[in-house]
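Sharing a structure here in structure tokens format.
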Amino acid sequence: MTVSVQQLTKELEIFGVDCEESLTEKLAELCARYEQSEEEMVREFIAFYTSTQKDCLTSETLSSFEHEFLSKRLSKARHSASKDSGHAGARDIVSIQELIEVEEEEETLLNSYTTPSKGSQKRAVTTPETPLTKRRVSTRSPHVLLSPSSFSPSATPSQKYNSRNNRGEVVTSFGSAQGMSWSGRGGAGVISLKVLGCPESLTGSYKFMFQKLPDIREVLTCKIEELGSELKEHYKIEAFTPLEHPPWSLSRCWDQIGCDSNGKLNNKSVILEGDREHSSGARVPVDLSELKEYSLFPGQVVVMEGINTTGRQLVATKLYEGVPLPFYQPTEEDGDCEQNMVLVACGPYTTSDSITYDPLLDLIAIINHDRPDVCILFGPFLDAKHEQVENCLLTSPFEDVFKQCLRTIIEGTRSSGSHLVFVPSLRDVHHEPVYPQPPFSYSDLPHEDKKRVQFVSEPCSLSINGLVFGLTSTDLLFHMGAEEISSASGTSDRFSRILKHILTQRSYYPLYPPQEDMAIDYENFYAYAQLPVTPDVLIVPSELRYFVKDVLGCVCVNPGRLTKGQVGGTYGRLYIRRQTMDGEGRRSPCVAAQVLLSRDQGDTHKGETREHSCLHITFLLPVPEVLHAFGRV
């Protein structure tokens, strides 16, 4: 191949590089040796020379260019050619070493674009002398369910979580829970799951961020008119008086509670926002000094009795309480009346200082041991508030991490036969952050699991063998507790008041305006976030203290969260049984309920070995009473 030194000089001058004649001749030798034209050689050399950030061109620069770029590219080209020819051919030890160096160079380049982590992550070189070990082969097996190191460079177990000493302790109980053996039938029982709608349930995604203010007002007006009509009929009120009409006698009006400022509601800032039919949307301040007892929050629809002498302020004298919806009447399609065990847990499923999902694996071990008939799992499954998520430290897409987590739960509990219900959360970083929230979409669900796995919306009313569970992952207690004001003559339970508001306002989120981090689509809110009936059991996970309460005949459970910061949290379990109607009237379907401190499998199965690592999780010992025990390899 003929190479022109003059042409090389011209090409270098284009880039403004002055080169000594000896160096130009050396560059011409490289062109001939590696069979490249002057233009191609100068272009690649300039790219390499610029990356070195050196001030002057020397013979050492040319030597580095040949060794670090040209020779390695030639070795790689020969390697590719030998693979394309269909046979490997004989190679000497030098060529093999060159191939290894090229692969290591590529690995180093890839690692330079990722967050550094402890220990080397170079791929292992497999030769006939050093074959893959059995353990390395097992990491590629489909039985490996969760590998935190594949999506986090710093997947180390939480020390505080693993050092707990009160795991599995029952912290609150309801009903006849003492001495009861908590064990379900798994897949042996007949379970009928049905989502109730008002009039239909949310089953898929929808377009949001297109709502207009008049549309929001229309939804709120419809809500005021519907609840007002129910209260008017229940209390047999003949007529309502406009808000601004100043009669000297008592007047009754139905309206929505509001606040006269942007701050928190207090007893001096309460206003009534009138309905469209009677008060044309007028707003009047309220004097609560004559009321002995009240509990109010922004967005609450009330019927209030009082005197408005001037038309500018209503002195309230009586507050009519809301009325809940009737309970669901089961049909023959709703299955039998046998006793069933339901387990409820709410994310996050990782501690705040780790992404290893140890708490989730411990929960899976509990499910395999107790074999509940139904497991209701609330998000977040990949928490948007987790430090590694907020700081973008995960190396895999959020959707991939979630699918890996979901596959772990589904395949890990397959032997138990338990029905799984997944409820999304607005804190699920991969999912649509709008309320009401559509169900998760998981196209990779195995055919054998389709009958026992169900994805529902947030919020959702779910019938389990004719017993209705109200499900919501939104922290209603925290949101409404921050806005509610009350006055009571005796002792008053704040949680019970808030839960009573939810049931009597007939909505999964009656607060208006909502919390700042709530993105509500009000057209779909009106269709999918209303209570179709009063639920038999209402599950309301919250950051606030766990409890189990009976409110207006509905058993309300706050199971807490599975983790709280760097330590374990709580989860709940219930025994339910549909009661037949008799002369005594309706009886609670909740036989017993408990909230427990989250624990690991070491507490569930004494004597088993538990190994820790952040690399991957595999199935270990096939214990008879626990078909799947997880360990850390």
Side-chain angles (χ1 to χ4, degrees), residues 161 164-184 339-349 351 358-360 362-367 369-380 418 420-421 423 425 462 464 467 469-478 481 493-499 502 535-551 553-577 588-601 603-604:
Y161 177 80
R164 296 163 299 158
N165 55 12
N166 57 349
R167 294 167 285 196
E169 177 183 336
V170 177
V171 291
T172 187
S173 298
F174 175 86
S176 55
Q178 297 297 329
M180 185 169 288
S181 175
W182 288 90
S183 179
Q339 182 168 287
N340 296 303
M341 178 182 173
V342 178
L343 182 145
V344 292
C346 180
Y349 296 92
T351 55
D358 281 1
L360 174 62
D362 295 336
L363 181 66
I364 291 174
I366 294 169
I367 293 173
H369 179 264
D370 295 344
R371 301 180 71 239
D373 298 280
V374 180
C375 297
I376 303 174
L377 304 178
F378 296 84
S418 300
L420 302 177
V421 179
V423 185
S425 167
L462 180 70
I464 303 178
L467 294 178
F469 277 63
L471 309 177
T472 177
S473 58
T474 302
D475 199 339
L476 273 171
L477 299 175
F478 187 82
D493 179 4
R494 189 182 208 184
F495 289 154
S496 296
R497 292 197 310 267
I498 295 174
L499 293 167
I502 296 170
D536 297 291
V537 180
L538 179 63
I539 311 295
V540 282
S542 174
E543 300 283 355
L544 303 176
R545 186 175 176 83
Y546 46 78
F547 60 77
V548 184
K549 295 178 179 294
D550 188 322
V551 179
C554 171
V555 177
C556 303
V557 183
N558 171 20
R561 299 190 182 275
L562 195 64
T563 63
K564 282 187 172 291
Q566 299 181 17
V567 298
T570 53
Y571 68 98
R573 59 189 184 187
L574 304 90
Y575 267 135
I576 57 171
R577 183 172 185 175
S588 175
C590 185
V591 178
Q594 289 182 338
V595 176
L596 304 87
L597 296 176
S598 61
R599 65 187 188 271
D600 67 3
Q601 64 203 36
D603 299 297
T604 310

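Any value given below was found using the heavy atoms of this structure, including those in side chains, with hydrogens, waters and symmetry copies removed. These numbers were taken from a predicted model, which means no experiment stands behind them.
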Taking all non-hydrogen atoms of both residues, which atom of Gly560 and which atom of Cys346 are closest, and how far apart?
O-CB, 3.6 Å
Using every non-hydrogen atom in the two residues, find where Ser496 and Val551 come nearest and quote the distance to one decimal.
O-CG1, 4.1 Å
Atom pair CG (Asp373) and CD1 (Ile464), whose distance is rounded to the nearest 0.5 Å:
9.5 Å
Hey, mind stepping through Asp362 and Leu562 against side chain to side chain contact (heavy atoms under 4.5 Å, CB included) and telling me if it holds?
CA-CA 10 Å; Asp362 295 336; Leu562 195 64; over 6 Å; no
Measure from the side-chain N and O atoms of Thr570 to the backbone N and O of Pro559, and report whether any donor-acceptor pair falls under 3.5 Å.
yes
Can you tell me how far apart CG (Leu574) and CG (Asn340) are? Round to the nearest 0.5 Å.
11.5 Å
Please enumerate all residues that pass ring-ring contact (aromatic ring centres under 6.0 Å, His included) together with Tyr349, with sequence neighbours excluded.
Phe381
With a 4.5 Å cut-off on side-chain heavy atoms, are Asp536 and Cys590 touching?
no
Tell me, do Val540 and Ile498 make a side-chain contact under 4.5 Å, heavy atoms counted?
no
Are the side chains of Arg371 and Met341 in touch, meaning some heavy atoms are under 4.5 Å apart?
no
With the side chain counted from C-beta on, respond yes when Leu499 and Phe547 share a heavy-atom pair under 4.5 Å apart, and no when they do not.
yes
Mind listing the closest non-hydrogen atom pair of Pro380 and Ser425 along with its distance?
N-CB, 3.6 Å
When rounded to the nearest 0.5 angstrom, what distance separates OG in Ser598 from CD1 in Ile366?
7.5 Å
Measure from the side-chain N and O atoms of Lys549 to the backbone N and O of Asn558, and report whether any donor-acceptor pair falls under 3.5 Å.
no
Any donor-acceptor pair under 3.5 Å from Arg494 side chain to Gly481 backbone:
yes
So, taking the atom named SG in Cys375 and the one named CD1 in Ile367, what distance separates them when rounded to the nearest 0.5 Å?
4.0 Å
Does the side chain of Val342 reach to within under 4.5 Å of the side chain of Pro372, using non-hydrogen atoms?
no
Nearest 0.5 angstrom please: Ile539 CD1 to Phe469 CZ, how far?
6.0 Å
Side chains of Leu467 and Val537 in contact at under 4.5 Å (non-hydrogen atoms):
no
Could you tell me whether the side chain of Arg577 and the main chain of Pro589 form a donor-acceptor pair under 3.5 Å?
no
How close do Asp475 and Glu543 get, heavy atom to heavy atom, and via which atoms?
OD2-N, 3.0 Å
Distance-minimising heavy-atom pair for Gln594 and Ser173:
CG-OG, 3.7 Å
Which atom of Pro348 lies closest to which atom of Thr563, heavy atoms considered
O-OG1, 3.1 Å
Taking ring-ring contact (aromatic ring centres under 6.0 Å, His included) as the test, write out the residues that go with Tyr546, two or more places apart.
none
Looking at CG of Leu377 and CG of Leu471, how far apart are the two atoms once the value is rounded to the nearest 0.5 Å?
11.0 Å
Does the side chain of Val374 reach to within under 4.5 Å of the side chain of Val421, using non-hydrogen atoms?
yes
Do Val557 and Phe174 pass the side chain to side chain contact (heavy atoms under 4.5 Å, CB included) test, and can you show the C-alpha distance, the side-chain angles, and the key distance before you say yes or no?
CA-CA 10 Å; Val557 183; Phe174 175 86; over 6 Å; no
Val595 side chain reached by Val548 side chain, heavy atoms, under 4.5 Å:
yes
